[in-house]
Amino acid sequence: MLQIDSLTKRYSNSDVALKGVSLNLRAGEVVGLIGPSGAGKSTLIRCVNRLVTPTSGRIALDGQDLALVSGSALRRVRRQIGMIFQEYALVERLTVMENLLSGRLGYVGFWRSWARRFDAQDIARAFELLARVGLAGMENKRADALSGGQRQRVGIARALMQQPRLLLVDEPTASLDPKTSRQIMRLIMELCAERGLAAIVNIHDVVLATQYLPRIVGLQAGQIVYDGPAAELDAGA
Ligand code: ADP
Ligand code: ADP
């Protein structure tokens with residue numbers, strides 16, 4: 001479903017972050033992206049989400065070249081891509097429910113009256129997702145009253161509100177303790193399996209990556225140096 005061909009990114013300060021990266025994901029396939037800081041992991045994820053414009057190369061979602069879509073077609077593509085962040089990117093003074101509903105629209109202007117402004121289907125989906133991520137009954141808690149693990153659960157639920165087919169997950173556990181990190185990785189993997197979601201999980205913790213992610217792509221200085229099963233990476237390391 002996702003095809004990345006010969007992707008290159010050179011930033012204006014002439015840092016070359018990606019040098020000819022090619023990567024394909026089938027529907028429902030989850031890949032862990034590992035590599036040292038500065039390897040280009042964030043840049044790769046940002047190119048797929050169009051936060052960063054590649055210098056050359058091609059990214060296609062279901063055969064549709066991302067560089068060529070705009071307007072309503074781009075909004076359709078974006079809806080198919082859910083983002084999960086290291087620092088959760090919640091609006092701290094809003095409640096859990098407000099975060100879920102405003103995230104769906106991509107802005108927070110209408111948060112005060114969510115019950116009137118959002119359709120029943122969105123609200124029902126939000127409650128369903130909250131229960132699924134283990135936060136049943138927490139909808140009226142403010143984000144700033146939650147633990148890190150709970151915040152990431154909200155971040156995961158928010159990413160799923162738009163019913164994406166591809167998740168881009170940027171260091172989901174980097175701010176969490178080891179036990180919570182394992183719980184969050186397990187939750188992400190379960191949800192991908194249940195919902196047939198493909199995912200790119202940017203993760204610097206190699207042990208955690210090989211424990212939960214079946215396929216590992218290793219990036220180093222902007223190039224893919226490994227692409228294969230986690231088990232073989234363990235053996236070769
Ligand atoms: P990683 O996520 O693996 O740590 P990044 O994609 O953040 O790697 O960075 C790859 C390279 O690109 C690094 O040399 C970094 O300094 C550079 N880089 C990242 N973002 C920018 C930016 N916005 N402007 C200029 N250089 C950048
Ligand atoms: P990461 O942990 O993902 O590698 P960094 O801490 O390297 O992130 O970078 C944080 C932010 O700074 C990102 O938005 C990244 O794109 C940007 N950035 C990283 N390196 C540079 C750089 N050399 N010049 C400008 N911006 C950069």
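Please read these numbers as outputs of a predicted model, since none were measured by experiment. Atoms within a ligand are numbered from 1 in the order they appear, just like the ligands themselves.
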Exercise for the section: Please confirm whether Pro36 comes under 4.0 Å of ligand 1, counting heavy atoms of the residue only. Expected result: yes
Fill in the blank from the handout: Between the OG1 atom in Thr95 and the NZ atom in Lys141, the distance rounded to the nearest 0.5 Å is 11.5 Å
Fill in the blank from the handout: In short, Arg182 meets Tyr212 closest at the heavy-atom pair CB-OH, 3.3 Å
Completion exercise
Looking at Ala17, Ala39, Gly38, the heavy atom closest to atom 13 (C) of ligand 1 belongs to Gly38
Handout entry: Any Gly35 heavy atom less than 4.0 Å to ligand 1
Key = no
Problem - Set of residues satisfying side-chain contact (heavy atoms from CB on, under 4.5 Å) with respect to Thr180, sequence neighbours excluded - result: Leu176, Asp177, Gln183, Ile184
Completion exercise
Logged contact type for Asn13 with ligand 1, heavy-atom cut-off 4.0 Å, is side chain
Practice task
Inspect the surroundings of CD in Glu194 and state if more than 12 heavy atoms from other residues, nucleotides or ligands are less than 6.0 Å away.
Solution key: yes
Problem - Proximity winner for atom 14 (O) of ligand 1, if only heavy atoms of Asn202, Val16, Asp15 are counted - result: Asp15
Handout entry: Numbering as shown, the atoms of ligand 1 that approach Gly40 to under 4.0 Å (heavy-atom distance)
Key = 1 (P), 3 (O), 5 (P), 6 (O), 8 (O), 10 (C)
Problem - Qualifying salt bridge (Lys or Arg N to Asp or Glu O under 4.0 Å) pairs with a residue from residues 215-224, counting only residues at least two apart or across chains - result: Glu29-Arg215, Arg215-Asp227
Completion exercise
Minimal heavy-atom distance between Leu25 and Ala199, with the atoms involved, is CD2-O, 3.6 Å
Practice task
Ignoring angles and geometry beyond distance, decide whether Lys41 reaches within less than 3.5 Å of ligand 1 through its nitrogen or oxygen atoms.
Solution key: yes
